[in-house]
Amino acid sequence: MTEKYPLNLPQTDFPMKANSATREVETQKFWDENKVYEKSLEKRKASDKFVLHDGPPYLSSAKIHIGTALNKILKDIVTKYKAQKGFYAPYVPGYDSHGLPIETAVLKEVKGGRAALTPVELRRRCRDFALGNLKGQEANFRRLGVWGNWAEPYITLDKKFEAAQIRVFGKMATAGYLYKGLKSVSWCPNCETALAEAEVEYADHVSNSIYVKFNVDEGSRDKLPAFVPAGAEVNFVIWTTTPWTLPANLAVALHPEFEYQFLQSPNDGVLVVATQLKDDFVNKVGLDPASLKLLGTAQGKTLEFILTRHPFMDRPSMVILGEHVTAEAGTGVVHTAPGHGPEDFEIGHKYKLGVLSPVDGRGIFTAEAGKFAGERFDKSNMPIVEYLKELGKLMHHSTYSHSYPHCWRCKKPLIFRATEQWFASVDGFRKEALAAIDTVQWIPASGRNRIFTMVEKRNDWCISRQRAWGVPIPVFYCKGCGKYLMSSQSIERVAAVFAVEGSDAWWEQEASHFLGSNFPCPTCGGTEYTKETDIMDVWFDSGSTHSAVLDAREDELRGSPCEMYLEGSDQHRGWFQSSLLTSVATHNRAPYKTVLTHGFVVDETGKKMSKSIGNVVDPDDVIKQYGADVLRLWVASVNYTDDIPIGKNMLVQLAEVYRKLRNTARYLLGNLSDFDPEKDRVPLSELSKLDAFIVHRLHELVAGVTEDFDRYEFFKYYQLLQNFCVVDLSSFYFDIVKDRLYVTAPKSKERRSVQTVLEQVLQVIVRLLVPVTPHLAEDIWQFTPEKIRKASTNDLSVLLSDFPVPDMKHHNQFLDDFWTEVIPVRNTVNKALEQARAEKKIGKSVEAKVLLHFDKPELAEKVASLGNTLPSIFIVSQAEVTNAPGSNGSNGGNGKEHSEAPIAELTENGLKVTVLKADGEKCARCWKYSTKVGSDKTYTDVCDECAEALPQFDRK
RNA sequence: GCACGAAUAGCACAAUGGUUGUGCAAACGCAUGAUAAGCGUUCGGCUCUAGGUUCGAGUCCUAGUUCGUGCACCA
């Protein structure tokens, strides 16, 4: 194009295209090399702290998934914002490195399994595996733009961490909160270990449903009601969905208050079932109701102590009473196996039935199971059913779908198994824990009830695991008397060794290595010990971070309690709870002041993500295609308290918004290339109504987003910021002001006024972008002219800058009201112009002149008050208010009567807009139409304004 | 099964009990001096359903549906 006349076109090297794949990585390198995170801490080290304590992600995989990315990004948004607000806001990332899933994953690769390795070898492999995954996860996290102390993360396998954890255990032990006991616990036969409640999840499962007859023993005949005929065969009928637990059966339970019917059947003798369940039973089993004769009824409690014969084991099974028997399903006669159910265990204890648990750790029947010995529990369901059938004890067999407990790690069905385990007695400090919950701010507030009811109802915490990869339970057994040793001194000795040698020492060294040769047993005085072989539940590891990290790194993290824990809502039963319990047990306080939770990531249709459906979004792919900032923008755009959707469609839109933000910045930078704030700023009081309005809107924006960030409602920030950029700036202010920027003399006050506003906008926006899109913010900052950077803080990195503070002196209610009325006028004018355009009467709006006639004189006056700036508001060449006092010809019109006919007319909301062809000729420079074109002697094809401006341009 | 939460345009989010809105997307157009940009117009909603309170309900109440989360599960 011919550069005939000079213009002030935008000048900037800030690229329109983000090129995120390389540019973001460069930016991150810049932050690393310049130690921006460390500098931010240094700058704030004397300030109030805001410590967000990282919940450690589990190191079972080297790649993070989208939910983990979301979590880390949320944390980073919070810490970056708090740092900008002037807080000392360190972030120490952590990793959860022990535990069953890692051990299982490692063993999968070992030929010969567990037996092929010594515990120490196995542990070394687990360690390598975990640390390898750590590398991968760290790279993933850093690529997200998350800042923090990556050089010194915390890792639960760290020696000092382990020592601290042992000391937490010690404090709980000496407080009397830990004990060893025989209980029926959830057991994963696949993982060969006990599980805590938090590790159990329910999933649909198809079980065998069987009805089995328990024949009354001859010896108990006299205990039966009198109406039972002598010599009759009497059968209590139980229902169960786990045939494999029958070998462990020791009793049948009735409800003491239920009424039981004695039914004479044609082929099965006298059947005993609860009255309430009789119809259901008859129906399910397929008996003919007419063939049954009711002999009489008896209350459950009258039938206690009757002995029945176990259907296939040579022993009696006694009738006992229990309140846990329900009338919801089955027969009201409950098969009771104390070794395989918590309720059965308790009732068994009451009746002194003993505990029979004929299943080993791998789920294989032991010799106690008789003919089923050697069989895996789940493989023996059918053989047992077949056997019952053979014996004539089976009344009915079908399948039954219900939800059933599964191991949340390996996803396989669990069993209940009575074993000796270590427990933390939640009862011992439940009251304190509940009180501590109410000292915490839960966001959203429903989290409080969630954890409260969980803690209120939870049973003792089973903290022992029969595995190798973890921190050992630091307990010794006296060889002399067999009693266990768990004193503050003995535990401290373990901690001291671990701090130096790590917990491998437990497997490498003898007990004397810890206790010395003269540590007398408090019971018998013996000095020879063996070591406990169980390790601690990993939840105890991560539950100890408040001590092992917050307290242990007090210089850096200022100790427990910290300001915030921020995790997915599943952690109410996980980390939030384990941390709370250990913190309350040792310090009688919560380890956090605020707990913020988010929901789970789902696909765009609201479905859970799963590999089998193939709707999984990989954060890596998003970053490759769009960059980390777009992913971060996604995090900021959604209301994370509920399910959080993500998908292709959303990402495309987010990328658009990102581009809009980027181009907004590019416009600002381009038009500020020649602006020196020190010399060129125009005082606020001298700005036009339009310019001052944008400053006002900017102030409103800052006030709004500050509130949003303080409430952690980032999606509101996202909306506000986007609306400001699109509605206030791009389609309104930028569009209007372009002409002034490009056309007026470089140093003219009109142009400097706009630049004054643009500079303010830039200074604010670039800072508002920091928490969510730090790469973009930094990119903008690095392309900001030196003079403008100097005008604020001239920080090396924008991440070191302060968050803008809303400034009331920029608030202007008058202008707010004014433009609230005038902007709709502009919209109406746009519609009228569009009519003319649709009829091909005009192309650009500057080809038009508009006449405005208002029903309301006040509004006419208001609009007319914009004076000669009125045409620019509509981006037309001339605009007149025809019914405002004194408006005649003063608004860019030529004062003549309009000779041409209107090319479009529109009446709307009390405003009539008439569109005419613009008066005069097109100015060769500013492209507006003017009757003054040609009036200048030097510049013969331009308008008067251009002619006036041109001499002020430097000749090139 | 119980509890809690949610449901507004294709998508993301708004709306002190008072005319359902913003952006994106889509369609059409303008422009070509923010240019792999920009602007305009248009389209798009029985605010999940059914009742109720109210002068007036997206909003409050009741019941239900769907989704989600948590808890409990049948021995």
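Chain A is the first sequence line, chain B the second, and so forth, proteins listed ahead of strands; every chain is numbered from 1. We use all heavy atoms of the structure for the numbers below, so side chains are in, but hydrogens, waters and symmetry mates are not.
B:G44 and B:C28 are spaced 15 Å apart, taking the C1' atom of each and rounding to whole Å. When the P atom is compared between B:A9 and B:U20, the two are found 16 Å apart, to the nearest whole Å. Atom name C1', nucleotides B:G58 and B:G17: the rounded distance is 11 Å, in whole Å. Separation of the P atoms belonging to B:A63 and B:G68 is 23 Å when rounded to the nearest angstrom. Taking the P atoms as reference points, B:A7 lies 46 Å from B:U32, given to the whole Å. As rounded to the nearest Å, B:G10 and B:A26 have P atoms that lie 15 Å from one another. For the C1' atom pair drawn from B:U49 and B:A6, the interatomic distance equals 16 Å after rounding to whole Å. Across the P atoms, B:C48 and B:U8 are found 6 Å apart, a figure rounded to whole Å.
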With B for base contact, S for sugar-phosphate-only contact and - for none (protein heavy atoms under 4.0 Å), nucleotides 1-13 of chain B reads ----SS---BBBS
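For A:Glu847, the salt bridge (Lys or Arg N to Asp or Glu O under 4.0 Å) test picks out no residue, with sequence neighbours left out. Taking the salt bridge (Lys or Arg N to Asp or Glu O under 4.0 Å) definition, one finds that A:Arg662 meets it with A:Asp779, sequence neighbours left out. In terms of the side chain to side chain contact (heavy atoms under 4.5 Å, CB included) criterion, residue partners of A:Ser730 (sequence neighbours excluded) are, by chain and number, A:Lys660. Looking at residues two or more places apart in sequence or on another chain, you find no salt bridge (Lys or Arg N to Asp or Glu O under 4.0 Å) involving A:Lys844. Partners of A:Arg751 by side chain to side chain contact (heavy atoms under 4.5 Å, CB included), not counting sequence neighbours, listed by chain and number: A:Asn8, A:Asp674, A:Leu741, A:Thr744, A:Pro746, A:Ser748, A:Gln755. Qualifying side chain to side chain contact (heavy atoms under 4.5 Å, CB included) partners for A:Gln835, counting only residues two or more places apart in sequence or in other chains: A:Ala904, A:Leu906. Residues forming a side chain to side chain contact (heavy atoms under 4.5 Å, CB included) with A:Glu456 (at least two apart in sequence, or on another chain): A:Leu434, A:Phe452, A:Thr453. Every residue meeting the ring-ring contact (aromatic ring centres under 6.0 Å, His included) condition with A:Tyr667, not counting sequence neighbours, appears here in chain and number order: A:Phe734.
A:Ile842 has its CD1 atom 9 Å from the P atom of B:A31, to the nearest Å. Protein atom CD1 of A:Ile451 is 14 Å distant from nucleotide atom P of B:G70, rounded to whole Å. Protein atom CG of A:Asn830 is 5 Å distant from nucleotide atom P of B:U41, rounded to whole Å. The distance between atom CE of A:Met16 and atom C1' of B:A34, rounded to the nearest whole Å, is 8 Å. The distance from atom CG of A:Leu661 to atom P of B:G38 is 11 Å, rounded to the nearest whole Å. When rounded to the nearest whole Å, the span between CZ of A:Phe783 and P of B:A34 equals 20 Å. Remark: C1' of B:C30 and NZ of A:Lys844 are 11 Å apart, rounded to the nearest angstrom. The CG atom of A:Asn723 sits 9 Å away from the P atom of B:U22 (whole-angstrom rounding).
Among the protein residues, A:Lys738 comes within range of the nucleic acid bases, having at least one heavy atom under 4.0 Å from a base atom. Here A:Arg925 lies in heavy-atom contact (under 4.0 Å) with a base. If you check every strand for non-hydrogen atoms under 4.0 Å, A:Val602 touches nothing. Nucleic acid contact for A:Lys17: base, since at least one base atom lies under 4.0 Å from a heavy atom of the residue. Contacts of A:Val726 with the nucleic acid, taken as non-hydrogen atoms under 4.0 Å apart, involve only primed sugar atoms and P, OP1 or OP2. Using a 4.0 Å heavy-atom criterion, one finds that A:Lys840 contacts the sugar-phosphate atoms exclusively. A:Trp927 comes within 4.0 angstrom of a nucleotide base, judged by non-hydrogen atoms across all strands. Here A:Thr245 lies in heavy-atom contact (under 4.0 Å) with sugar-phosphate atoms only.
The side chain of A:Trp239 has B:C74 as its nearest neighbour among B:C74, B:A36, B:C30. The side chain of A:Met454 lies closest to B:G70 when the candidates are B:G70, B:U69, B:G33. Listed candidates were B:G40, B:G33, B:A25. Nearest to the side chain of A:Glu656 is B:A25. Relative to the side chain of A:Ser730, the nucleotides B:A34, B:G33, B:U41 differ in distance, and B:A34 lies closest. Checked against B:G38, B:U22, B:G40, the side chain of A:Ser731 finds its nearest nucleotide in B:G40.
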For a side chain to side chain contact (heavy atoms under 4.5 Å, CB included) check, start with the C-alpha distance between A:Tyr658 and A:Asn663, then their side-chain angles and the critical distance, and finish with the verdict.
CA-CA 9 Å; A:Tyr658 174 86; A:Asn663 279 310; over 6 Å; no
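Ring orientation note: the planes of A:Phe714 and A:Phe709 are tilted relative to one another, at an angle of 30° to 60°.
When all heavy atoms are compared, the tightest approach of A:Ser877 to A:Tyr929 is OG-N, 2.8 Å.
Side-chain N/O atoms of A:Arg573 include none lying less than 4.0 angstrom from OP1 or OP2 on B:G70.
Positionally, the nearest nucleotide of RNA chain B for A:Leu654 lies more toward the 5' end than for the other of A:Leu654 and A:Asp735. Between A:Val743 and A:Lys660, the residue anchored nearer the 5' end of RNA chain B, judged by the nucleotide with its closest heavy atom, is A:Val743.
Judged by distance alone, with hydrogens and angles left aside, the side-chain atoms of A:Arg573 form no donor-acceptor pair with the main-chain N or O of A:Met454 at under 3.5 Å. The main-chain N or O of A:Ile875 is found under 3.5 Å from a side-chain atom of A:Ser845 such that the two form a donor-acceptor pair.
In this structure, A:Phe732 CZ and A:Leu690 CG are separated by 5.0 Å, a value rounded to the nearest 0.5 Å.
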Using Watson-Crick or G-U wobble pairs with both distances under 3.5 Å, give me RNA chain B in dot-bracket, 5' to 3', with [ ] for crossers and | for pairs to another strand.
(((((((..((((....[..)))).(((((.......))))).....(((((..]....))))))))))))....
Solution key, residues 645-653 of chain A side-chain donor-acceptor pairs under 3.5 Å, sequence neighbours excluded:
none

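Of the residues in residues 663-672 of chain A, those placing a heavy atom less than 4.0 Å from an atom of RNA chain B are A:Asn663, A:Arg666, A:Tyr667, in numerical order.
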